[in-house]
Amino acid sequence: MKASQIVVRVEPRLKRTFEKQCEALGMKPSEALRDLILAFIRLEPKRELLTGEEPLTRDLTVADYLSMSEKERDELWKKWYRGAEEEAGGMEFRVKGIAPPRR
Amino acid sequence: MRRWFEAILNSNVGKALTDEQELVLALLATARARDAEIYITIETYSILTKIIRNPPITKAIIANVQVLYPSEFFRRWVKRIEKITRLRREDAKILAYGSLGTNIAKTQLGVDKILTLDKGLTSEFRKEEERLTEELDALVKALPLSYKRARLPEVIHPGPSELTGSAQESSLPLGGR
């Protein structure tokens, strides 16, 4: 993966808590944060970069998608969403018992 | 959600991330650091598993989220949201998931926060929040006990300041496509 930098601004109290947790686990906070971010974008450990020619959908490669304009992507996601909505077919599920308060 | 998806594509072909993609990744990392649960809707899950034909990309997202399903009365609440606001159906549904979405075990109702980069959704929500609260309270009164805890979520258009906030929040769902 190409080296890049992402600046993460974190509330001081959360930062302190995070640093304490890292210390307790013997981890460096900066590395732990990097790993947290990588966990959301890394495909597989040690995987090489994509060429772009990999299939993304039945009709599009990764490169095809990335070459689309913002408007074209927006239209595509709308179309995908409509398809997904139709497939869901208005299903609804009964909630079991009382959900515990989360707030 | 879409910015996250595109961040995965960009980063894995070696392209630079956009500001919005970086922001989304920073939010996700912050959520994870706070042990918050991250949700996508069943519609988004369906796109990722049935339209996207690249399992590693799909897996990179699905491994990090839980799925929200519509509970009973969800459609009724969507219709009311559509009557009250000028939101498109899709955005009304996102908002409705925040109150009447449930997890796979059907033991949870709604989420704490909806994060969206759609300023229209955020501003319309803020404009009609009071009425939406009243309408949801009225709807919930007539519902079974399991639904009495249904509340409006916070709807947030994130900026760096949204990386802060109360540590009591436990869920950080991604709204929008």
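Just so it is clear: chains get the letters A, B, ... in the order the sequence lines come, proteins before strands, and each one is counted from 1.
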Which portion of [X] sits near chain A, non-hydrogen atoms under 4.5 angstrom:
X	value
B/Thr102	side chain
B/Lys50	side chain
B/Ala105	backbone
B/Ile51	both

Quick check on the hydrophobic clustering: are A/Leu33 and A/Met27 connected, directly or via other members, by side-chain heavy-atom contacts under 4.5 Å?
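Per the 4.5 Å side-chain linkage, A/Leu33 and A/Met27 are not co-clustered.
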Give, for atom OG of B/Ser46 and atom CD of A/Glu86, the distance between the pair rounded to the nearest 0.5 Å.
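Rounded to the nearest 0.5 Å, the OG-CD separation comes out at 11.0 Å.
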For the atom pair CZ (A/Arg94) and CD (B/Glu72), what is the distance rounded to the nearest 0.5 Å?
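A/Arg94 atom CZ to B/Glu72 atom CD measures 4.5 Å (nearest 0.5 Å).
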Walk me through it: do B/Asn103 and A/Phe93 pass the test side chain to side chain contact (heavy atoms under 4.5 Å, CB included)?
CA-CA 10 Å; B/Asn103 60 353; A/Phe93 299 92; over 6 Å; no
Name the member of B/Pro56, B/Ala7, B/Pro70, B/Ala63 that forms the most heavy-atom pairs with chain A at distances under 4.5 Å.
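Answer, by heavy-atom pair count under 4.5 Å with chain A: B/Pro70.
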Just give me the residue among B/Glu6, B/Lys59, B/Lys148 that pairs up with chain A most often, heavy atom to heavy atom, under 4.5 Å.
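Ranked by heavy-atom pairs under 4.5 Å with chain A, first place is B/Glu6.
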Considering all heavy atoms, the nearest [X]-[Y] contact:
X	Y	value
B/Ile47	A/Ala84	CG1-CB, 3.9 Å
B/Ala29	A/Ile37	CB-CG1, 3.5 Å
B/Tyr147	A/Val95	OH-N, 2.9 Å
A/Leu43	B/Ala60	CD2-CB, 4.1 Å
A/Leu56	B/Phe5	CD1-CZ, 3.8 Å

Considering only heavy atoms from C-beta outward, does the side chain of [X] approach that of [Y] to under 4.5 Å?
X	Y	result
B/Leu25	A/Ile41	yes
B/Asn12	A/Arg42	no
A/Glu87	B/Glu43	no

Is it the case that the side chain of [X] and the backbone of [Y] share a donor-acceptor pair, with hydrogens and angles ignored and the cut-off at 3.5 Å?
X	Y	result
B/Asn54	A/Thr57	no
A/Trp80	B/Ile52	no
B/Arg75	A/Gly90	yes

Could you check whether atom CD of B/Glu130 has more than 12 heavy atoms from other residues, nucleotides or ligands sitting under 6.0 Å from it?
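Counting neighbours around CD of B/Glu130, 12 or fewer heavy atoms of other residues, nucleotides or ligands fall under 6.0 Å, so no.
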Over 12 non-hydrogen atoms of neighbours within 6.0 angstrom of NZ in B/Lys127
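Yes - once you tally the heavy atoms of other residues, nucleotides and ligands closer than 6.0 Å, there are more than 12.
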Determine the option with the most heavy-atom pairs under 4.5 angstrom with chain B, choosing from [options].
options	result
A/Gln21, A/Glu54, A/Arg58	A/Arg58
A/Val62, A/Leu66, A/Thr51	A/Leu66
A/Leu60, A/Asp35, A/Leu36	A/Leu36

Evaluation steps, salt bridge (charged side-chain N to carboxylate O under 4.0 Å, His left out), between B/Glu90 and A/Lys78:
CA-CA 9 Å; B/Glu90 189 182 320; A/Lys78 278 181 184 161; over 6 Å; no
Region of A/Phe18 that comes under 4.5 Å of a non-hydrogen atom in chain B
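A/Phe18 touches chain B through side-chain heavy atoms alone.
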Which portion of A/Arg82 sits near chain B, non-hydrogen atoms under 4.5 angstrom
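Looking at A/Arg82, nothing touches chain B.
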Between A/Glu92 and B/Tyr69, do the side chains contain a donor N or O and an acceptor N or O under 3.5 Å apart?
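No, no side-chain donor-acceptor contact under 3.5 Å.
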